[in-house]
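Here's the structure we're looking at; comments come further down.
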Amino acid sequence: MQSRVRELAGQISEEYRDLDPVVIAVLKGSFIFVADIIRHLEFPLTTEFMRVSSYGNQVVTTGEVKLELDIASSVANRHILLVEDIVDTGLTLEYLKANLEVRRPASLKVCALLHKPSNNVKISNLEFVGFNIPNEFVVGFGLDYQGYYRNLPYIAQLELTG
Ligand code: IMP
């Protein structure tokens with residue numbers, strides 16, 4: 001995980017070094033990933049946080065996205081790097097991108113730790129992706145099942161029985 005995080009940070013640095021970006025982490029799932037990533041970014045940036053709910057306690061999406069916590073400052077004319085834990089159907093990301101685009105940022109790009117390409121109903125541009133994974137439910141490194149497992153220092157596939 002750490003070597004891939006470093007590689008991603010390298011790509012991000014090349015692009016954002018002189019842009020004074022705002023890094024927006026999507027809570028809760030991306031809190032560990034974003035903390036690891038930004039500690040490799042050696043240039044000025046600010047951080048903001050958004051929280052959306054889309055799953056409740058289910059493992060399949062309800063298709064309904066709700067904004068529960070908004071960023072605290074204006075992003076007009078700022079270069080936004082949106083950091084997601086995982087892109088599954090892409091519905092959450094589409095919602096967030098539409099929500100942020102209307103605030104007229106200078107640019108908006110996405111960094112996702114994990115991507116399940118086979119499950120995309122919305123094709124989104126993902127500029128930075130850690131790993132493409134199969135369509136399985138995973139936990140750890142910030143990702144949860146019913147609030148648990150976020151603290152695992154690795155990604156694990158959760159076997160759901162019953
Ligand atoms: P999407 O809207 O279907 O792309 O779902 C995105 C959100 O669903 C992510 O930000 C996660 O919070 C959650 N999610 C999707 N797949 C998984 C998984 O395998 N493990 C844990 N959470 C997941």
Side-chain angles (χ1 to χ4, degrees), residues 1-5 7-9 11-12 21-39 41 45-72 75 80-103 105 107-162:
M1 297 303 291
Q2 289 307 328
S3 71
R4 187 67 188 126
V5 165
E7 283 172 8
L8 281 176
Q11 292 172 25
I12 291 167
V22 51
V23 176
I24 303 181
V26 184
L27 297 174
K28 297 177 186 174
S30 72
F31 79 111
I32 289 182
F33 178 45
V34 80
D36 280 354
I37 273 269
I38 63 171
R39 280 179 290 176
L41 303 182
L45 58 84
T46 61
T47 51
E48 289 289 343
F49 300 89
M50 291 178 99
R51 192 173 74 233
V52 289
S53 68
S54 54
Y55 273 52
N57 277 338
Q58 309 305 310
V59 293
V60 287
T61 185
T62 57
E64 193 183 309
V65 182
K66 203 169 82 201
L67 184 63
E68 294 187 333
L69 173 78
D70 203 354
I71 52 177
V75 290
I80 298 178
L81 180 65
L82 187 63
V83 179
E84 262 279 24
D85 54 354
I86 185 165
V87 177
D88 182 5
T89 62
L91 288 168
T92 305
L93 189 57
E94 283 306 307
Y95 171 87
L96 285 165
K97 285 176 81 169
N99 183 296
L100 288 167
E101 287 287 7
V102 296
R103 307 180 199 204
S107 68
L108 172 53
K109 292 189 178 179
V110 179
C111 174
L113 175 62
L114 303 174
H115 179 212
K116 294 180 188 172
S118 64
N119 221 9
N120 270 211
V121 295
K122 289 271 181 190
I123 309 299
S124 262
N125 251 5
L126 293 179
E127 286 82 8
F128 309 95
V129 176
F131 302 95
N132 286 312
I133 63 165
N135 188 17
E136 306 287 354
F137 196 81
V138 292
V139 294
F141 216 82
L143 289 127
D144 76 308
Y145 175 63
Q146 299 193 347
Y148 291 92
Y149 303 111
R150 294 192 197 276
N151 51 320
L152 294 180
Y154 49 83
I155 301 286
Q157 182 185 335
L158 193 67
E159 283 189 19
L160 298 162
T161 52

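Both ligands and their constituent atoms are indexed starting at 1 by order of listing. Reckoned from all heavy atoms, side chains included, excluding hydrogens, waters and symmetry mates.
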Selection from Asp85, Asp88, Thr89 by shortest heavy-atom distance to atom 12 (O) of ligand 1: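 Ranked by closest heavy atom to atom 12 (O) of ligand 1, first place is Asp85.
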Is the contact between [X] and ligand 1 made by the side chain, the backbone, both, or neither, using heavy atoms and a 4.0 Å cut-off?
X	value
Glu136	backbone
Val26	neither
Ile86	both

In the structure I gave you, are the side-chain heavy atoms of Leu82 and Val26 within less than 4.5 Å of one another anywhere?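 In contact.
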For ligand 1, which atoms have a heavy atom of Thr92 less than 4.0 angstrom away?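 Ligand 1 atoms under the 4.0 Å threshold to Thr92: 1 (P), 2 (O), 5 (O), 6 (C).
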Which ligand 1 atoms does Asp144 reach within 4.0 Å, using its non-hydrogen atoms?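 The atoms of ligand 1 under 4.0 Å from a heavy atom of Asp144 are 21 (C).
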Is there a heavy atom of [X] sitting under 4.0 angstrom from any atom of ligand 1?
X	value
Val52	no
Leu143	yes
Lys28	no
Gly90	yes

Test: Lys97 and Glu94 ion pair at under 4.0 Å: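 So Lys97 does not pair with Glu94 through a salt bridge.
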Any salt bridge between Lys109 and Glu127, counting N to O under 4.0 Å?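 Between Glu127 and Lys109 there is no salt bridge, as every charged N stays at least 4.0 Å from the carboxylate O atoms.
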Surrounding CD of Glu68 (heavy atoms of other residues, nucleotides or ligands, distance under 6.0 Å), is the total greater than 12?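 Above 12, so yes.
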Any side-chain to backbone donor/acceptor pair from [X] onto [Y]? Under 3.5 Å, distance only.
X	Y	result
Lys116	Thr89	no
Gln157	Glu136	no
Arg51	Leu69	no

Is Val138 in polar range of ligand 1, meaning some N or O pair under 3.5 Å apart?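 So ligand 1 has an N or O lying under 3.5 Å from an N or O of Val138.
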Enter the distance from Ile155:CD1 to Leu113:CG here, rounded to the nearest 0.5 Å.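 Ile155 CD1 to Leu113 CG: 5.0 Å, rounded to 0.5 Å.
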